[in-house]
Amino acid sequence: MSKELTTRAADYSQWYNDLVIKGELADHSAVRGCMVIKPYGYALWENMRDQLDRMFKETGHVNAYFPLFVPKSLFEAEEKNAEGFAKECAIVTHYRLKNDPDNKGKLIVDPEAKLEEELIIRPTSEAIIWNTYKGWIQSYRDLPILINQWANVVRWEMRTRLFLRTAEFLWQEGHTAHATKEEAVDETKKMLEVYAEFVENYMAVPVIKGVKTANERFAGAEETYCIEALMQDGKALQAGTSHFLGQNFAKAFDVQFLNKENKKEYVWATSWGVSTRLIGALIMAHSDDQGLIMPPKIAPLQVVIVPIYKGEESKSVIDDKVASIIKELKALGISVKYDNSDHARPGWKFAEYELKGVPVRIALGLRDIENNVVELARRDTKEKKSVAIEGLGTYVKLLLEDIQQNIYNRALAFRNENIREANTWDEFVSLLDTKAGFVSAHWDGSSETEDKIKEQTKATIRCIPLNNKQEAGKCVLTGNPSTQRALFARAY
RNA sequence: CGGGAUGUAGCGUAGCCCGGUUAUCGCGCCUGGUUUGGGACCAGGAGGUCGCAAGUUCGAAUCUUGCCAUCCCGACCA
């Protein structure tokens with residue numbers, strides 16, 4: 001297979017697609033907008049999922065599973081939520097096919113098998129979950145409920161892109177129920193912190209924590225917190241959201257509890273989610289023109305070993321040496337693959353594992369064994385050096401940590417270089433057009449202004465950063481007074 | 001969903017305008033051999049409903065229509 005990649009400079013979109021497909025993360029499928037996640041891509045997702053799952057459990061959450069289908073009457077109960085998702089729902093209307101009498105071997109929908117009530121394939125699960133919670137909650141003693149579910153959801157997007165926006169995607173959605181507003185708000189913020197920690201420490205992608213404006217808020221939420229990441233082409237990507245839902249769903253589904261004073265109150269809610277979209281963020285934050293760059297902490301494979309042999313005899317000598325290296329690495333919890341397949345030569349393997357972003361490559365031949373060394377190459381900097389076999393495990397372990405830190409630092413430096421302040425409209429437009437990235441600018445706080453800015457520049461307010469400093473200023477568009485800056489960008 | 005483009009072997013492609021033997025080439029794949037420190041070489045070989053369907057025609061990869069998918073630009077995107 002030809003593995004030549006489009007460069008970022010030549011065509012950024014094509015580069016991204018090439019990495020996904022040639023790096024064997026995923027493929028297009030026979031279904032419009034839906035992808036097949038291939039074993040290498042799925043292994044990455046499993047590592048991300050497992051780590052997030054640990055973090056959810058550490059913060060007191062448990063997993064459960066709710067149905068894929070949502071009866072239409074439940075779906076429409078929370079009006080804003082329903083309206084927000086209505087335009088992108090897949091709907092089940094029938095439950096049976098039958099043979100087509102006019103066309104042998106073909107099937108048609110059996111008109112006799114129409115459902116009494118349509119079933120919506122969940123675009124998100126608030127409705128079915130809150131309908132369920134209604135039966136679980138009577139007393140303040142039943143609260144809080146801290147549930148997460150790992151699931152697939154369907155959103156019938158007009159235009160799809162591998163990982164970034166697919167019609168079906170995998171995600172987790174946390175849905176919690178609380179007795180007080182304070183507790184629910186704390187939960188919302190706590191989960192935002194969990195997401196930020198995961199994305200920064202494990203995916204090595206720096207994020208800005210913030211709050212969405214009313215325009216960008218989740219349908220049915222009182223407040224949407226988010227983490228925003230910056231991609232190498234200067235576009236922003238929403239990496240995760242955590243919503244404070246107030247009592248909206250409790251009211252829509254009539255979920256009340258008796259408090260200590262024996263008074264009925266509506267339950268307070270949160271929901272929060274991250275999806276396979278994070279893989280898109282990972283790719284676009286780190287990778288280069290030679291291929292993917294996987295952060296060691298979640299890489300499907302951390303180390304690959306390539307033998308350089310001359311003839312069968314040297315091969316078995318190398319195999320023996322490698323066996324002990326593998327043992328040492330595995331004992332340190334490092335994932336390692338020995339690629340001694342004979343159908344590709346070393347140079348081909350080097351290029352292949354660079355494309356796949358394996359953080360560390362070890363090559364060794366007889367020459368090295370004589371000198372008790374291996375050739376060690378790191379993916380992030382392409383640096384190669386000779387390292388003693390003695391103590392190799394520890395060396396690799398530290399190197400993996402160094403790579404993790406290095407790609408984070410690199411992404412952070414890039415992100416920080418690409419946050420710029422604009423104080424006039426001309427400056428604002430020119431920064432967006434010439435530099436891309438985040439533009440920090442004063443905004444008068446009105447949805448109308450936000451819409452106008454979006455219309456004229458395609459930039460949206462990604463968030464109002466949580467740690468925002470308060471300063472008086474004038475809105476870049478209207479000149480109206482403002483108390484703080486918002487973070488604008490063109491986004492995925 | 002609107003505008004534009006594309007679809008020929010696993011991948012990349014020639015042929016299409018102007019219909020006519022057995023659909024071109026490269027990579028990859030298979031067999032054997034020689035190789036192996038940055039994408040090996042030699043010899044032989046396999047692999048195609050020309051995206052799918054219908055139509056025009058004696059004859060369709062080529063012309064017409066519909067559909068599907070992908071890419072780009074819009075609209076949409078909690």
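Model, not experiment: these values are computed from the prediction. Within every chain, numbering begins at 1; the chains are lettered A, B, ... in the order of the sequence lines, protein sequences first and strands thereafter.
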For [N] versus [M], give the span between their [atom1] atoms, rounded off to a whole number of Å.
N      : M      : atom1 : value
B/rU36 : B/rG20 : P     : 50 Å
B/rG44 : B/rC71 : P     : 41 Å
B/rC77 : B/rG38 : C1'   : 43 Å
B/rG7  : B/rG48 : C1'   : 15 Å
B/rG37 : B/rG12 : C1'   : 30 Å
B/rU62 : B/rU6  : P     : 15 Å
B/rC63 : B/rG47 : C1'   : 30 Å
B/rC30 : B/rC16 : C1'   : 33 Å

Can you check the [X] [atom1] to [N] [atom2] distance for me, whole Å?
X        : N      : atom1 : atom2 : result
A/Glu157 : B/rC76 : CD    : P     : 13 Å
A/Phe163 : B/rC77 : CZ    : P     : 25 Å
A/His28  : B/rA69 : NE2   : C1'   : 9 Å
A/Glu455 : B/rC77 : CD    : P     : 13 Å
A/Trp348 : B/rG39 : CH2   : C1'   : 8 Å
A/Asp342 : B/rU31 : CG    : C1'   : 15 Å
A/Ile318 : B/rU36 : CD1   : C1'   : 10 Å
A/Phe350 : B/rU36 : CZ    : C1'   : 10 Å

Would you mind checking if A/Asp368 and A/Lys321 are paired as a salt bridge, meaning a charged N to carboxylate O distance below 4.0 Å?
-> no
Correct closest heavy-atom pair for A/Glu126 and A/Ser271 would be OE2-OG, 2.7 Å
Discussion item. Looking at A/Gln456, I'd like to know if its CD atom is crowded, meaning that more than 12 non-hydrogen atoms belonging to other residues, nucleotides or ligands lie closer than 6.0 Å.
Written reply: yes
Would you tell me whether [X] and [Y] have side-chain atoms, one donor and one acceptor, within less than 3.5 Å of each other?
X        : Y        : answer
A/Arg122 : A/Thr124 : no
A/Thr6   : A/Asp11  : no
A/Asp233 : A/Tyr16  : no
A/Thr7   : A/Asp289 : no

Quiz question: going by heavy-atom distance under 3.5 Å, is there a donor-acceptor pair between the base of [N] and the side chain of [X]?
X        : N      : result
A/Glu354 : B/rG38 : yes
A/Lys384 : B/rG37 : no
A/Arg345 : B/rG37 : no

Contact class for [X] (heavy atom, under 4.0 Å): base, sugar-phosphate, or nothing?
X        : value
A/Glu375 : base
A/Gly33  : sugar-phosphate
A/Asp11  : nothing
A/Asn17  : sugar-phosphate
A/Gly365 : base
A/Thr124 : nothing
A/Arg361 : base

When A/Lys382 and A/Ala219 are each assigned the nearest nucleotide of RNA chain B, the 5'-most assignment goes to A/Lys382
Closest to the 5' end of RNA chain B, once A/Val374 and A/Met158 are matched to their nearest nucleotides, is A/Val374
With a 3.5 angstrom cut-off on both distances, give the Watson-Crick or G-U wobble partner of [N], or none if there isn't one.
N      : answer
B/rA14 : none
B/rC63 : B/rG55
B/rG32 : B/rC42
B/rA5  : B/rU70

The nucleotide from B/rC77, B/rA75, B/rU36 with an atom nearest the side chain of A/Arg159 is B/rA75
Side-chain contact check for A/Arg32: nearest option of B/rG74, B/rU36, B/rA69 is B/rA69
- prompt: Under 4.0 Å: is that the gap between some side-chain N or O of A/Arg161 and OP1 or OP2 of B/rC71?
  reply: no
When you check the phosphate oxygens OP1 and OP2 of B/rG37, does a side-chain N or O of A/Arg367 lie under 4.0 Å from one of them?
no
Given the options A/Arg361, A/Arg379, A/Lys382, A/Glu354 meets salt bridge (Lys or Arg N to Asp or Glu O under 4.0 Å) only with A/Arg361
